[in-house]
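A quick write-up on the structure given underneath.
These values consider heavy atoms only, across backbone and side chains, with no hydrogens, waters or symmetry-generated copies. This is a predicted model, so every value here is computed, not measured. Order of the sequence lines fixes the chain letters, A, B, ..., with proteins taken first and strands second; residue numbering starts at 1 for each chain.
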Protein chains: 2
Amino acid sequence: MNFSKDQSAGYLANHMARIFAQGLTSRIKPLGLTTGTFPALLELWDTDGLSQKQLTERLDIEQATMANTLARMERDGLIVRKKDANDGRAQRVWLTDRARDLRDPAITAAQEENAMRLAGLDEDEKRQFIALIQKVIKTKMSG
Amino acid sequence: MNFSKDQSAGYLANHMARIFAQGLTSRIKPLGLTTGTFPALLELWDTDGLSQKQLTERLDIEQATMANTLARMERDGLIVRKKDANDGRAQRVWLTDRARDLRDPAITAAQEENAMRLAGLDEDEKRQFIALIQKVIKTKMSG
DNA sequence: AGCACTTGCATAGCTCGCTATACAAGTTTT
DNA sequence: AAAACTTGTATAGCGAGCTATGCAAGTGCT
């Protein structure tokens, strides 16, 4: 039974993700941000005041993971959590001014990281690459 | 400034890696294995008795991460660490019988997971997918 | 031989992901 | 209205990754 890690999609996916994560980590560290907060920030920059439930749905992240991430974000002054007026269970998440101000530099950092990592691919390859990953992800979401 | 997470290579890479990791986790849990040990096991199944240093180099994993992973592996009876005879600093890592016996079922599990996740791609797409990820990884390794 | 330097590993402490569990606030059933 | 169920968060505890730091074992210079 032969198995080469360098031909294994799962291994390669993990390796590549670590590389992206390390790069983004160092780029956004000067902003006082960490990678785990990024997805939540993207959603909130788009539509502020989402509930924790809505965030987990949009990001395919477990509820417990989101709760912990939001706790760190609140600790670090990026968000405030307020009880929903109509539903005493729900927590609505609101960005602070600081978080709003970080949008542009943070997105720039992410774009730079993406561009650098894909520098070895031509335009066609980049499109294919994105499309293929999306397809693999969709295979899970639908199955 | 527009930025869509679903067009961001870094975000997609992270998401895809999480999906692979969750799938493999559940598949190898019955074997008493976790994903973090998998890369080290692959190397050791191929050539037993590597040093910790050699493992970190072959897997592009930080030394501290490897030390922790090996500590868990030793705790779980997968490996034994023995001082190198010629170099009192180096630890050589040796598989236990149990770890050797797990090779075939573990690799089967990984192959099944890979196959399932790539089920939505045709043969040509699979080849392209692997090749593109390898290329992205290589961009880091060379730069 | 003695000193500084390098190398291999371990440890501390953090983020971020997960599962399992608890619990209070809603909702439905009876 | 009370009981049973569902839903939204929080917490505990673990794995896996990282940086920073410490330290003992080897190497090199003088």
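- Checking D:dG15, D:dG26, D:dG17 against every side-chain atom of B:Thr65, the shortest atom distance belongs to D:dG17.
- The distance between atom CZ of B:Phe20 and atom C1' of C:dC18, rounded to the nearest whole Å, is 18 Å.
- Rounded to a whole Å, the CG atom of A:Asn86 is 12 Å from the C1' atom of C:dG26.
- For the pair A:Gln22 CD and C:dC16 P, the computed distance is 14 Å after rounding to whole Å.
- In the set C:dG17, D:dG15, D:dC18, the nucleotide with an atom closest to the side chain of A:Ile61 is C:dG17.
- We find that A:Asp124 and A:Arg127 are joined by a salt bridge, their nearest charged nitrogen and carboxylate oxygen being less than 4.0 Å apart.
- Under a 3.5 Å cut-off, the side chain of B:Asn14 and the backbone N or O of A:Ala17 do not form any donor-acceptor pair.
- By the 4.5 Å heavy-atom criterion applied to side chains, B:Leu50 and B:Glu43 are counted as neighbours.
- In this structure, the nucleotide among D:dG17, C:dT15, D:dT11 sitting nearest to the side chain of A:Ala67 is D:dT11.
- Across all their heavy atoms, A:Leu59 and B:Arg18 have their closest contact at O-NH2, 3.5 Å.
- A residue-by-residue look at B:Arg18 and B:Lys29 shows that B:Arg18 has its nearest nucleotide of DNA chain C further toward the 5' end.
- In this structure, B:Thr69 does not reach the D:dG15 phosphate: none of its side-chain N or O atoms is under 4.0 Å from OP1 or OP2.
- B:Leu24 has its CG atom 18 Å from the P atom of C:dG17, to the nearest Å.
- Nearest nucleotide to the A:Ser51 side chain, out of D:dG17, C:dT11, D:dT9: D:dT9.
- Summarising the geometry, the separation between CG on B:Asp76 and P on D:dC14 is reported as 12 Å, rounded to the nearest angstrom.
- Relative to the side chain of A:Ala90, the nucleotides D:dT9, C:dG8, D:dG15 differ in distance, and D:dT9 lies closest.
- For B:Gln52, counting side-chain heavy atoms from C-beta on, the closest listed nucleotide (D:dG15, C:dC9, C:dC18) is C:dC9.
- Note on B:Arg81: only backbone sugar-phosphate atoms sit closer than 4.0 angstrom, heavy atoms only; bases stay farther off.
- Rounded to an integer number of Å, the gap from A:Arg72 CZ to D:dA10 P is 14 Å.
- Atom CG of B:Leu70 is separated from atom C1' of D:dA16 by 13 Å (rounded to the nearest Å).
- For the pair B:Ala64 and B:Arg75, nearest-nucleotide mapping onto DNA chain D gives the more 5' position to B:Arg75.
- Proximity note for B:Glu62 (side chain, C-beta onward) versus C:dG17, D:dC18, C:dT15: the nearest is D:dC18.
- Distances from the side chain of A:Asp87 to the nucleotides D:dA10, C:dT19, C:dG26 place C:dG26 closest.
- Ranking D:dA10, D:dG15, C:dT11 by closeness to the B:Asn68 side chain, first place goes to C:dT11.
- Looking only at side-chain heavy atoms (C-beta outward), B:Ile137 and B:Lys135 stay at 4.5 Å or farther from each other.
- A donor and an acceptor atom sit less than 3.5 Å apart, one in the side chain of B:Arg89 and one in the base of C:dT7.
- Within 4.0 Å of A:Thr35, counting heavy atoms only, lie sugar-phosphate atoms of the nucleic acid but no base atom.
- For the pair A:Lys83 NZ and D:dT9 C1', the interatomic distance rounds to 9 Å; values are reported in whole Å.
- Each of A:Asn14 and A:Arg92 has a nearest nucleotide on DNA chain D; the 5'-most of these lies closest to A:Arg92.
- Residues B:Trp45 and B:Arg100 come closest through the heavy atom pair NE1-CA, 4.1 Å.
- Nucleic acid contact for A:Gln63: base, since at least one base atom lies under 4.0 Å from a heavy atom of the residue.
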